[in-house]
Every structure is written in C-alpha cells, then in structure tokens.
Amino acid sequence: MQTLIEGLNFPEGPAYDKKGAIWLVEKEAGNLIYYNNKVTERIFVDGHPNGIAIDKEGVIWFCDSKQNSIRQYDPITKETQTVINEIEGVPLKMPNDLCFDRVGNLLFTCPGDKLEDGTGYICCLTPERQIIKIYNGLYYPNGLAFGTDGNTLFVAETGTQWLWKMQWNILSKKIENAIKLCYVGGNVGPDGIAIDTTDHIYIALYGSAKIDVYKPDGTAVTTISTLGRNPTNCAIDPFGETGLIITEAENGTLVQIPTTKKGLL
C-alpha cells in the first residue's frame, strides 16, 4: 500500500483517463485534481465537486452537490461549464456520482442530504441533453457503475446499506429488473463502487475502513483494509500499472494498492 497524495480536503471520485493519468476531486476545497507521474495539479472549479466520469473526448464530467448540477471541465481549453442543474423545473437533488453507458448516455445519482427520506433518484442525461428520471424512491443512492456487458448497472444505496443490480435498456432508456443484490452493511454504508474486467464489484464502505469485493451474483469475495475509516471511492487501473486506488476522507489521501486486476475504461 502506497500513499500517492496526502493533505486532501475530502477526496472523492477517482477516474483514469485514456493516457493513464488519474483525476479526482477535493470536494470541500472545490478542486478537481490531476495526478500524473507523481505530479499533482489542483484545478479550482468552486462548489462541491463529487463523482467523476470521463467521456470519449477526454472531457471531465463531475457532479456538484453544492450547486445541484452536472458540470464539465475541458482539459484542453481549461474551461468549466454547467451542463444541467434541474429536472422538470426543480433543482437536482445534490448529484453524487455518475457514469457513461456505451452510447454516451450519462447516468447519475441524486441522493439529497438525508439517508432515510427515500426520495433519492437516478437520472439519465442523453447526448442530446435530454434529462430523464429513470428510477425513484431510493434511500441515498450513491456510487454506480456498469458491468462488463454495458447493460448491468450496480448502484450503492447508502441509506439501506444494500447493493442494487439493475438492467439498463439503452434503447428505451429505462431501468428493468431492479433487484436488491446483497446487503453490504457498514458503519455508515456503501459509497463509491468500481468494477474490474472479471465483473467483481469493489465497494468503498464509508466509516468501516475497508473495501469489500463481491461477485456479480452477490457472493462476497474478499475484504481490503484501508488506512483510514472513511474510504469514499475507488478505481482500478485499466492499464494494469497502478492497481487499485482509493480516496479516503479521514486522512485526506489517495492510496494505491497493487493488484493484478484491471479496470474498465
């Protein structure tokens, strides 16, 4: 285990770009962070940036839970813009995490700020910038990620401490066959998640000092201990070089753990 970055103010949302560089956020400081070849660059974007997803053009998309918006940062032009901040005339409910499907639809969670109110939801933002609410009634939906087939969507529900498994219909833009896959527990609950090329699901258990790994059928595989109590998210290097990286909020670190597994790009 190696610490890549320390002194971070609530790190979240690690992601790899096509060149193997790492992007993450410093939520409480309003920064995006670019890490490459042991060099760290902070990019101030204001608000509370949270989850990150990188599109095919290399543009950084991120949730902003303070500005209730989905925003993007272009590493080439250095420009930041708000893409969307409401649905049906109502502000988004504190967007948390996001991921792209294989045709460019952006799916993201909107949990709000309470674990127990059951009003969280998941949205789809199409490439044409149409926004659709695709699933309702969740108790703080948090991290989400697609499996290797591009249709199976895993969602961490922090409020109930369950991991959901859903089928995403790209054509109809609807969630089908949503089930509670497995109870993962934790002192607070599941936060961010990552998937490797064997469809193992890595779940950051905030408040529990660990990453738990599950098979896609909900069978527990292993537990990876973290240096601090509050892992917020994780990512797996798709190039097989840096292994598993973890953002941890108690100590404010980005940590690397070697593994032979590869992530999805």
Side-chain angles (χ1 to χ4, degrees), residues 4-5 7-87 91-110 122-132 143-146 150 170 173 192 194 232-239 241-242 245 247 252 254 263-265:
L4 301 180
I5 311 175
L8 299 172
N9 193 349
F10 211 100
E12 263 272 21
Y16 286 85
D17 66 20
K18 290 183 178 180
K19 296 181 180 179
I22 299 170
W23 290 82
L24 61 147
V25 305
E26 196 175 18
K27 181 182 174 184
E28 297 299 324
N31 292 323
L32 300 182
I33 292 180
Y34 175 77
Y35 177 85
N36 194 21
N37 293 324
K38 300 182 179 180
V39 176
T40 302
E41 177 186 356
R42 282 176 166 84
I43 302 158
F44 181 68
V45 293
D46 207 358
H48 283 168
N50 207 333
I52 280 180
I54 303 175
D55 68 20
K56 294 179 180 179
E57 286 72 44
V59 175
I60 313 301
W61 293 66
F62 60 97
C63 296
D64 189 324
S65 57
K66 184 177 182 179
Q67 298 185 10
N68 294 309
S69 60
I70 303 297
R71 303 170 65 197
Q72 61 178 210
Y73 170 78
D74 189 326
I76 296 176
T77 65
K78 311 296 184 184
E79 294 180 349
T80 305
Q81 64 171 317
T82 296
V83 179
I84 193 162
N85 56 15
E86 62 178 37
I87 183 168
L92 292 173
K93 194 176 176 71
M94 299 180 70
N96 186 290
D97 206 355
L98 69 177
C99 64
F100 284 101
D101 71 11
R102 62 176 179 266
V103 299
N105 293 304
L106 183 72
L107 276 63
F108 62 93
T109 53
C110 284
I122 306 172
C123 287
C124 170
L125 179 65
T126 71
E128 297 77 29
R129 304 295 170 90
Q130 177 189 11
I131 186 169
I132 308 163
L144 75 172
F146 281 104
I170 289 177
K173 298 181 180 63
T232 59
N233 215 323
C234 55
I236 307 156
D237 186 354
F239 304 100
E241 295 180 1
T242 53
I245 57 170
T247 48
L254 176 69
L264 307 178
L265 186 60

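As the structure is a computational prediction, the values presented were derived from the model and not from experiment.
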If you define the side chain from C-beta out and look only at heavy atoms, does anything of [X] sit under 4.5 Å from [Y]?
X: V83; Y: L106; result: no
X: F146; Y: L264; result: no
X: P75; Y: I60; result: yes
X: C123; Y: I132; result: no
X: D97; Y: F108; result: no
X: L125; Y: I131; result: yes

Nearest 0.5 angstrom please: [X] [atom1] to [Y] [atom2], how far?
X: N31; Y: N9; atom1: CG; atom2: CG; result: 9.0 Å
X: L32; Y: K27; atom1: CG; atom2: NZ; result: 14.0 Å
X: E12; Y: N96; atom1: CD; atom2: CG; result: 6.5 Å

Spell out, as yes or no, whether a donor-acceptor pair under 3.5 Å connects the side chain of T232 to the backbone of P11.
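Yes, the answer is positive, given that a donor and an acceptor are paired below the 3.5 Å cut-off.
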Which atoms form the tightest heavy-atom contact between [X] and [Y], and what is the distance?
X: A194; Y: A235; value: CB-CA, 4.1 Å
X: I245; Y: P14; value: CD1-CB, 3.7 Å
X: A15; Y: I54; value: CB-CD1, 4.1 Å
X: L92; Y: I84; value: CD1-O, 3.9 Å
X: A145; Y: C99; value: CA-SG, 4.2 Å
X: R71; Y: T80; value: NH2-CG2, 3.5 Å

Looking at L8, T247, L254, which one forms a side-chain contact (heavy atoms from CB on, under 4.5 Å) with I33?
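Only match with I33 under side-chain contact (heavy atoms from CB on, under 4.5 Å): L8.
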Per the side-chain contact (heavy atoms from CB on, under 4.5 Å) rule, which among C110, S65, C63 passes with M94?
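Passing option: S65.
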Contacts of type ring pair (Phe, Tyr, Trp, His ring centres under 6.0 Å), residue Y73, not counting sequence neighbours:
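With sequence neighbours excluded, Y73 shows a ring pair (Phe, Tyr, Trp, His ring centres under 6.0 Å) to no residue whatsoever.
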I'd like to know whether the aromatic ring centres of F100 and W61 sit less than 6.0 Å apart in this structure.
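Between W61 and F100, which both carry aromatic rings, the centre distance is below 6.0 Å.
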For residues 38-52, which side-chain N or O atoms pair as donor and acceptor with protein atoms under 3.5 Å away, sequence neighbours left out?
{"unit_1": "R42", "atom_1": "NE", "unit_2": "E26", "atom_2": "OE1", "d": "2.8"}
{"unit_1": "R42", "atom_1": "NH2", "unit_2": "E26", "atom_2": "OE2", "d": "3.3"}

Show every salt bridge (Lys or Arg N to Asp or Glu O under 4.0 Å) that has at least one partner inside residues 99-108, sequence neighbours left out.
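For residues 99-108, and leaving out neighbouring residues, there are no salt bridge (Lys or Arg N to Asp or Glu O under 4.0 Å) pairs at all.
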Can you sort out the partners of [X] under side chain to side chain contact (heavy atoms under 4.5 Å, CB included), two or more places apart, ordered by chain and number?
X: Q81; answer: Q72
X: N36; answer: A21, Y34
X: L265; answer: K18, P238, F239

